[in-house]
Undergrad: 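Input: one structure, supplied below.
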Amino acid sequence: MSKQRITILGVPVDIVQPEDLEMEVLELLSKPGTKQIIFLSVWDLLKARRKGDFKNCVENAGLILPVSKSILKGASFLKKEVPVRYNPFDAVISIMSVLDSHYKSIYLFGSRSQTLHIAEKNVHDTFPTLRIVGRYPGFYQKTMEENIVQSIYKSSPSLVLLSEGIKDKNCWAYKRRNQFSSSIFLYYRDAMGIFSKRVKRISEVTFRRGHEIYHEVVRNPLKLFLLIPFLRYNFLLIWYRAFKKV
């Protein structure tokens with residue numbers, strides 16, 4: 001079964017069964033131009049409701065995978081088919097495994113140089129037939145951007161995995177979409193940190209319970225203020241259901 005795209009509060013979300021993920025990735029690879037896979041949190045969903053690059057970025061993404069339990073609850077509350085929730089790191093591993101089994105290539109982009117170096121070694125050891133065709137650290141000077149874009153364009157990787165230190169995050173590829181030939185772009189902030197073992201991944205139990213926000217608050221106490229948009233999200237769900245808005 002191929003993916004099904006629904007909307008929650010006007011924002012697109014894809015329903016992709018885990019057993020169909022390989023087919024979806026290979027289908028994306030077969031298409032020309034810049035493609036994106038987006039991990040959509042409930043905070044991203046609220047952000048994507050506003051006008052701007054992020055809204056356009058999400059609407060034009062090839063694959064939009066929900067990572068927040070609240071998105072699933074929202075779909076159920078609105079009486080829509082409930083999507084499959086993906087753990088971002090597990091999804092990254094699954095996607096890279098698909099590429100590895102089909103002898104594809106990857107470009108690693110983001111994080112500090114030392115972290116990236118260790119991550120590259122561990123990726124190579126874990127996925128021996130996945131060709132690493134380039135890498136560049138994040139937190140780079142603006143003057144280096146043209147060189148980075150050219151490096152990605154010339155190496156034409158199957159996947160560009162973006163991590164911390166990329167200012168535009170998900171929008172980086174979207175804003176530069178006309179400068180690449182044919183690659184999938186995927187932003188996951190902690191990718192290189194986890195691959196280098198500098199960042200501890202969230203436990204499966206914590207993720208399954210939907211408690212990963214507590215992990216985020218420990219890292220950044222200011223994220224306590226996310227309670228305000230979360231309350232807004234729930235209010236919007238009630239409003240949409242009351243007025244039966246698609």
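Source: prediction; values computed, not measured.
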Undergrad: Is the backbone N or O of Ser68 less than 3.5 Å from a side-chain atom of Ser41, with the two atoms forming a donor-acceptor pair by type?
TA: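 Looks like no, no N/O pair under 3.5 Å.
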Undergrad: Provide the closest heavy-atom pair for Gly138 versus Ile166 in the form atom of the first, atom of the second, distance.
TA: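 Looking at all heavy atoms of both residues, the closest pair is CA-CD1, 4.1 Å.
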Undergrad: Tell me, with the steps shown, if Ile38 and Asp44 meet side-chain contact (heavy atoms from CB on, under 4.5 Å).
TA: CA-CA 10 Å; Ile38 289 181; Asp44 293 330; 5.6 Å; no
Undergrad: Keeping to residues at least two apart or across chains, list the salt bridge (Lys or Arg N to Asp or Glu O under 4.0 Å) pairs with something in residues 96-112.
TA: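 Qualifying pairs, neighbours excluded: none.
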Undergrad: Measure across Tyr188 and Ile194 and return the closest heavy-atom pair with its distance rounded to 0.1 Å.
TA: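 Scanning both residues completely, I find the closest heavy atoms to be OH-CD1, 3.7 Å.
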Undergrad: So Glu164 and Met192, do their side chains get closer than 4.5 Å, heavy atoms only?
TA: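 Met192 vs Glu164: side chains apart.
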Undergrad: Counting only heavy atoms not in Glu204, do more than 12 fall under 6.0 Å of its CD?
TA: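 Enclosed.
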Undergrad: Quick one: do Val42 and Ile6 end up in the same hydrophobic cluster if we chain Ile, Leu, Val, Met, Phe, Trp and Tyr together by side-chain heavy atoms under 4.5 Å apart?
TA: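 Per the 4.5 Å side-chain linkage, Val42 and Ile6 are co-clustered.
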Undergrad: Run the salt bridge (charged side-chain N to carboxylate O under 4.0 Å, His left out) test against Asp168 and tell me which residues pass, sequence neighbours left out.
TA: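 Partners of Asp168 under the salt bridge (charged side-chain N to carboxylate O under 4.0 Å, His left out) test: Lys175, Arg176.
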Undergrad: Looking only at non-hydrogen atoms, find the nearest pair between Pro83 and Asp14 and report the distance.
TA: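 Heavy atoms only, the tightest pair is CB-O, 3.9 Å.
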Undergrad: Before we go on, tell me: are the rings of Tyr153 and Tyr107 under 6.0 Å apart, centre to centre?
TA: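 For Tyr153 and Tyr107, the ring centres are not under 6.0 Å apart.
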Undergrad: State the OH-CD1 distance between Tyr86 and Ile95, to the nearest 0.5 angstrom.
TA: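 Answer rounded to 0.5 Å: 8.5 Å.
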Undergrad: In the structure I gave you, are the side-chain heavy atoms of Cys171 and Tyr187 within less than 4.5 Å of one another anywhere?
TA: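 Result no, sub-4.5 Å side-chain heavy-atom pair not found.
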Undergrad: At their closest point, which heavy atom of Val67 faces which heavy atom of Pro88, and how far apart are they?
TA: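 Residues Val67 and Pro88, closest heavy atoms: CG1-CG, 3.7 Å.
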Undergrad: Taking side chain as C-beta onward, heavy atoms only, is Ser70 less than 4.5 Å from Phe230?
TA: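 A side-chain contact exists here, since the closest heavy-atom pair is under 4.5 Å.
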Undergrad: Quick one: does any side-chain atom of Arg241 pair with a main-chain N or O of Phe77 as donor and acceptor, under 3.5 Å?
TA: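 A pair under 3.5 Å: yes.
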Undergrad: With a 4.5 Å cut-off on side-chain heavy atoms, are Arg208 and Asn87 touching?
TA: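 No. Closest side-chain heavy atoms not under 4.5 Å.
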Undergrad: Quick one: salt bridge (Lys or Arg N to Asp or Glu O under 4.0 Å) pairs with a partner in residues 126-140, sequence neighbours left out?
TA: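 Residue pairs passing salt bridge (Lys or Arg N to Asp or Glu O under 4.0 Å), neighbours aside: Glu120-Arg135.
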Undergrad: Could you tell me whether the side chain of Lys121 reaches within less than 4.5 Å of the side chain of Ile118, counting heavy atoms only?
TA: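 No - every pair of side-chain heavy atoms lies 4.5 Å or more apart.
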Undergrad: If you draw a 6.0 Å radius around NZ in Lys55, do more than 12 non-hydrogen atoms from other residues or ligands fall strictly inside?
TA: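 Count over threshold, so yes.
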Undergrad: Closer than 3.5 angstrom, by distance alone: can the side chain of Ser97 be matched with the main-chain N or O of Ile93 as a donor-acceptor pair?
TA: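 Such a contact is found between Ser97 side chain and Ile93 backbone.
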Undergrad: Would a distance-only check, ignoring hydrogens and angles, find a side-chain to backbone donor-acceptor pair under 3.5 Å from Gln36 to Cys57?
TA: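 No; judged by distance alone, with no hydrogens or angles, the pair does not exist.
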Undergrad: If hydrophobic clusters are built from ILVMFWY residues whose side chains come within less than 4.5 Å, do Ile184 and Val123 share one?
TA: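 Same hydrophobic cluster.
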Undergrad: Under 3.5 Å, is there a donor-acceptor pair between the side chain of Thr34 and the main chain of Arg177?
TA: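 Indeed, once roles are kept as given, a pair shorter than 3.5 Å links the two residues.
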Undergrad: Does the plane of the ring in Phe195 sit parallel, tilted or perpendicular to the ring in Phe127? Use 30° and 60° as the thresholds.
TA: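 Phe195 vs Phe127 ring planes: perpendicular.
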Undergrad: Would His124 and Ile132 satisfy side-chain contact (heavy atoms from CB on, under 4.5 Å), going step by step from the backbone distance to the final call?
TA: CA-CA 7 Å; His124 181 268; Ile132 301 174; 4.1 Å; yes
Undergrad: Would you give the length of the straight line joining atom CD1 of Ile71 to atom CD1 of Ile64, rounded to the nearest 0.5 angstrom?
TA: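 Going from CD1 on Ile71 over to CD1 on Ile64, the span is 10.0 Å.
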Undergrad: Could you give the distance from CG (Asn122) to NE2 (His117), rounded to the nearest 0.5 Å?
TA: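 Nearest 0.5 Å value for the CG-NE2 distance: 10.0 Å.
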Undergrad: Quick one, Leu231 and Phe235 - any side-chain contact, counting heavy atoms below 4.5 Å?
TA: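 The answer is no; the side chains never approach within 4.5 Å.
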Undergrad: Does a side-chain heavy-atom distance below 4.5 Å link Thr126 with Met96?
TA: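 The answer is no; the side chains never approach within 4.5 Å.
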Undergrad: Enter the distance from Ser163:OG to Leu186:CG here, rounded to the nearest 0.5 Å.
TA: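 With rounding to 0.5 Å, OG (Ser163) is 10.0 Å from CG (Leu186).
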Undergrad: Could you give the distance from CE (Met144) to CD (Glu146), rounded to the nearest 0.5 Å?
TA: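 Taking CE in Met144 and CD in Glu146, the distance rounds to 10.0 Å.
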Undergrad: Report yes if some heavy atom in the side chain of Tyr233 is under 4.5 Å from a heavy atom in the side chain of Arg49; otherwise report no.
TA: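 They are not in contact (no side-chain heavy atoms under 4.5 Å apart), so the answer is no.
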Undergrad: Check whether Asp20 reaches the backbone of Val16 with its side chain - one donor and one acceptor, N or O, closer than 3.5 Å.
TA: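 No; zero donor-acceptor contacts below 3.5 Å.
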Undergrad: If you group Ile, Leu, Val, Met, Phe, Trp and Tyr by side-chain heavy-atom gaps below 4.5 Å, do Val58 and Leu9 land in one group?
TA: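 Same cluster: Val58 reaches Leu9 through Ile, Leu, Val, Met, Phe, Trp or Tyr contacts under 4.5 Å.
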Undergrad: Between Lys3 and Glu24, what is the shortest heavy-atom contact and its length?
TA: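 Distance-wise, the nearest heavy atoms are N-OE2, 2.9 Å.
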Undergrad: Where is the tightest heavy-atom contact between Ser183 and Ser156, given as atom of each residue plus distance?
TA: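 Minimum heavy-atom separation between Ser183 and Ser156: OG-C, 4.0 Å.
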Undergrad: Is it the case that the side chains of Lys80 and Thr7 hold a donor-acceptor pair, with the cut-off being a distance below 3.5 Å and no angle test?
TA: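 Checked: Thr7/Lys80 side chains pair up, N/O donor to acceptor below 3.5 Å.
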Undergrad: Looking only at the side chains, is there a donor atom on one of Lys35 and Ser182 sitting less than 3.5 Å from an acceptor on the other?
TA: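 There is such a pair between these side chains.
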Undergrad: Please test Val160 against Phe180 for side-chain contact (heavy atoms from CB on, under 4.5 Å), starting from the C-alpha separation and ending with a verdict.
TA: CA-CA 11 Å; Val160 180; Phe180 304 111; over 6 Å; no
Undergrad: Are the aromatic ring centres of Trp43 and Phe54 under 6.0 angstrom apart?
TA: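 That pair fails the under 6.0 Å test.
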Undergrad: Quick check: is Phe185 connected to Leu159 through a chain of hydrophobic side chains (ILVMFWY, heavy atoms under 4.5 Å apart)?
TA: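 In one cluster with Leu159: Phe185, no.
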Undergrad: Quick check: does any side chain N or O of Ser105 sit under 3.5 Å from a backbone N or O of Ser158, one acting as donor and the other as acceptor?
TA: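 It does hold such a pair.
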Undergrad: Give the ring-plane orientation class for Phe243 versus Trp239, where under 30° counts as parallel, over 60° as perpendicular and anything between as tilted.
TA: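 Phe243 vs Trp239 ring planes: tilted.
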Undergrad: Is there a path from Val84 to Val98 through hydrophobic residues (I, L, V, M, F, W, Y) whose side chains come within less than 4.5 Å of each other?
TA: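 In one cluster with Val84: Val98, yes.
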Undergrad: About how many Å separate CG of Leu40 and CD1 of Ile8, when rounded to the nearest 0.5 Å?
TA: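 Reported value, rounded in 0.5 Å steps: 8.5 Å.
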